[in-house]
Visitor: 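What follows is a structure written as structure tokens; I'll ask about it next.
The sequence lines fix the lettering, A, B, ..., with proteins before strands; numbering per chain opens at 1.
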Amino acid sequence: MYSLEHKKYLQKAKKKNFLIKLTQIFILIIFLIIWQLLSDYKIINPFVFSSPTKVFETIISLHNSGDLYNHILITVWETFISFILGTLLGIIIASIMWWNKFLAKVIDPYLTILNSLPKVALGPILIIWVGAGMQSIIVMALLISTIITIINVYQGFTNIDPIKIKLMKTFKATKSQIYFKLILPGTLSNIISCFKVNISMSLIGVIMGEFLVSKEGIGYLIMYGSQVFNLDLVITGTIILCIVAVIMYGLVLYLEKKLIVNK
Amino acid sequence: MNELLKIKNLSKNYHTKQDETLAVDNFSFDLKNGDFVAIVGPSGCGKSTILNILAGLDTKSKGDIILNEKNKIGYMLQQDALFNWKTVLENCLLGLEINKNLTKENKDYVLDLLNTYGLKDFINSYPNTLSGGMRQRVALIRTLATKPDLLLMDEPYSALDYQTRLSVSDDVYQIIKKEKKSAIMVTHDIAEAISMADKIIILSKRPSTIKKIIDIKLTDKSTPIKNRKAKEFGYYYDLIWKEIDHDV
């Protein structure tokens with residue numbers, strides 16, 4: 001049993017947490033109310049700035065036409081594929097670099113250039129090379145997520161404590177034993193924190209891709225809305241995107257908790 | 001007693017962009033079975049280099065090392081280097097796993113060691129729940145698991161605080177004696193060397209050559225902590241202290 005003092009301490013901590021949550025929700029509600037009022041009283045132009053009720057109505061009409069879920073699903077699916085492929089590709093390339101230090105040194109400057117290049121600039125080329133479709137979107141997302149994965153994972157690999165590598169060598173471990181028994185498991189937490197970056201990177205890439213080429217998806221919804229000057233649709237799309245992003249990030253966080261038992 | 005290891009005229013050069021440094025020069029020494037030898041010398045004199053060469057982690061420049069083929073070498077590093085994603089038992093089995101030697105018999109041997117040396121309740125714990133002394137014992141058992149005949153120890157307690165260090169060196173010493181292993185220990189701590197070793201090799205500063213080999217004969221020799229109270233302790237300490245080159 002806890003002592004009275006400890007109970008008080010726990011209660012205090014709980015109360016503080018609750019207060020933080022409450023304030024967060026309060027801010028959101030206040031924001032929505034002010035937005036609605038400003039729009040209702042025409043202090044801001046409701047045509048340009050929309051309003052919470054209009055956003056809600058747009059969602060309902062998208063729901064009724066059945067388009068909403070298709071758009072969300074397409075974007076989530078594209079992001080998922082890019083995330084999986086980008087992460088795997090990144091880990092594989094980083095592993096090859098760890099295996100072959102010569103290669104790693106050779107491609108280092110190229111990686112730096114690719115990493116600093118704003119990938120959206122490659123959009124027009126991609127459309128011509130890969131074709132205007134889902135493949136372009138995925139390649140765009142891959143470009144963004146793979147390079148950052150390579151850099152992060154490789155850094156994790158090289159940060160493994162040299163004394164642990166020495167230990168493996170005292171047991172006459174082969175290179176593949178060092179890789180599979182030490183490097184890979186020892187970098188697991190790095191790799192998983194990479195997941196968190198990657199899910200966001202993939203989503204950025206997918207939305208960028210959808211802006212450029214697509215006929216479906218949340219990015220398309222936003223782009224289409226802006227082209228026909230339907231700002232309700234643009235803002236609705238953005239809000240849906242926020243929600244999707246938060247849910248996907250939450251799933252990765254959950255995965256992280258499940259996978260890392262020991263730090 | 002038969003000889004376990006013969007080292008003849010061992011030399012080692014290190015190459016850097018700037019120049020070439022002779023780290024170890026003409027190091028010759030024979031180790032008898034069951035011997036506990038300590039190597040002391042000024043810091044940076046190449047003590048660890050000798051161990052690395054013996055363990056096959058580094059190449060020699062010149063000289064011969066003769067070790068009976070059936071004799072295995074185990075290496076205990078400066079830090080415990082335990083893998084925190086593996087349990088204590090899994091950590092101890094690492095060497096066997098790498099050598100593809102993970103038989104039931106060997107596993108039982110490791111379990112037996114863990115039980116004997118006070119880690120019974122921690123077999124399935126993760127290293128981050130252990131104290132520094134316990135971690136060091138796990139590291140020793142991990143080394144012993146492959147049943148080496150010769151243990152190389154590179155300042156094995158340097159990462160520990162003084163209190164823990166004393167008790168762990170006592171533990172480790174008794175384990176080594178009980179399991180009848182030979183050992184070469186590199187240390188910069190003269191007292192530690194006298195309290196544990198049968199023989200102390202004093203190295204000069206770089207390039208390391210053997211300055212002197214001293215046989216340690218203590219009355220009522222027992223555990224390292226008790227050995228520190230032996231009446232010859234002070235005499236040996238002075239002797240070795242004067243032999244080591246001190247650069248201040």
Visitor: Quick check for you: among A:Thr170, A:Leu167, A:Thr174, which has the greatest number of heavy-atom pairs under 4.5 Å with chain B?
Guide: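 Heavy-atom pair counts peak at A:Leu167.
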Visitor: Please look at A:Leu182 and chain B and tell me whether the side chain, the backbone, both or neither of the residue comes under 4.5 angstrom of a heavy atom of that chain.
Guide: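 Contact with chain B: backbone and side chain both.
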Visitor: Taking atom NZ of A:Lys181 and atom CH2 of B:Trp85, what is their separation to the nearest 0.5 Å?
Guide: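 The distance works out to 11.5 Å.
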Visitor: With side chains defined as the heavy atoms from C-beta onward, is the minimum distance between B:Tyr75 and A:Lys169 less than 4.5 Å?
Guide: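 In short, these two side chains do not touch, never coming nearer than 4.5 Å.
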Visitor: Side chain from CB out, backbone as N, CA, C, O: work out which of these in B:Asn52 comes under 4.5 Å of a heavy atom of chain A, or both, or neither.
Guide: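 Side chain only.
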Visitor: More than 12 heavy atoms of other residues, nucleotides or ligands under 6.0 Å from NZ of B:Lys107: is that the case?
Guide: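 Count not over threshold, so no.
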Visitor: Testing the basics here: between A:Phe171 and B:Asn99, what is the closest heavy-atom pair and its distance to 0.1 Å?
Guide: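 Scanning both residues completely, I find the closest heavy atoms to be O-OD1, 3.1 Å.
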Visitor: If you round to the nearest 0.5 Å, how far is NZ of A:Lys164 from CG of B:Leu94?
Guide: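 Separation between the atoms: 11.5 Å.
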Visitor: Contact part of B:Asn101 toward chain A, heavy-atom cut-off under 4.5 Å: side chain, backbone, both or neither?
Guide: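 No part of it gets close to chain A.
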Visitor: Step through the shown structure and confirm whether more than 12 heavy atoms of other residues, nucleotides or ligands are within 6.0 Å of CH2 on A:Trp77.
Guide: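 No, not enclosed.
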Visitor: For A:Ala173 versus B:Ile98, what's the shortest heavy-atom pair and its separation?
Guide: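 A:Ala173 and B:Ile98 have their closest heavy atoms at CA-CG2, 3.5 Å.
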Visitor: Take atom NZ in B:Lys177; do more than 12 heavy atoms of anything else shown fall under 6.0 Å from it?
Guide: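 Yes, because the 6.0 Å sphere around NZ of B:Lys177 holds more than 12 heavy atoms from other groups.
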Visitor: Given that the side chain runs from C-beta out, which part of B:Leu96 has a heavy atom under 4.5 Å from chain A: side chain, backbone, both or neither?
Guide: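 Neither; nothing under 4.5 Å.
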Visitor: Check this for me: A:Lys12, atom NZ, are more than 12 non-hydrogen atoms of other residues, nucleotides or ligands nearer than 6.0 Å?
Guide: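 Count not over threshold, so no.
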Visitor: With a sphere of 6.0 Å drawn around NZ of B:Lys8, does it hold more than 12 non-hydrogen atoms of other residues, nucleotides or ligands?
Guide: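 12 or below, so no.
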Visitor: Any side-chain heavy atom of A:Gln177 within less than 4.5 Å of one from B:Lys100?
Guide: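 A side-chain contact exists here, since the closest heavy-atom pair is under 4.5 Å.
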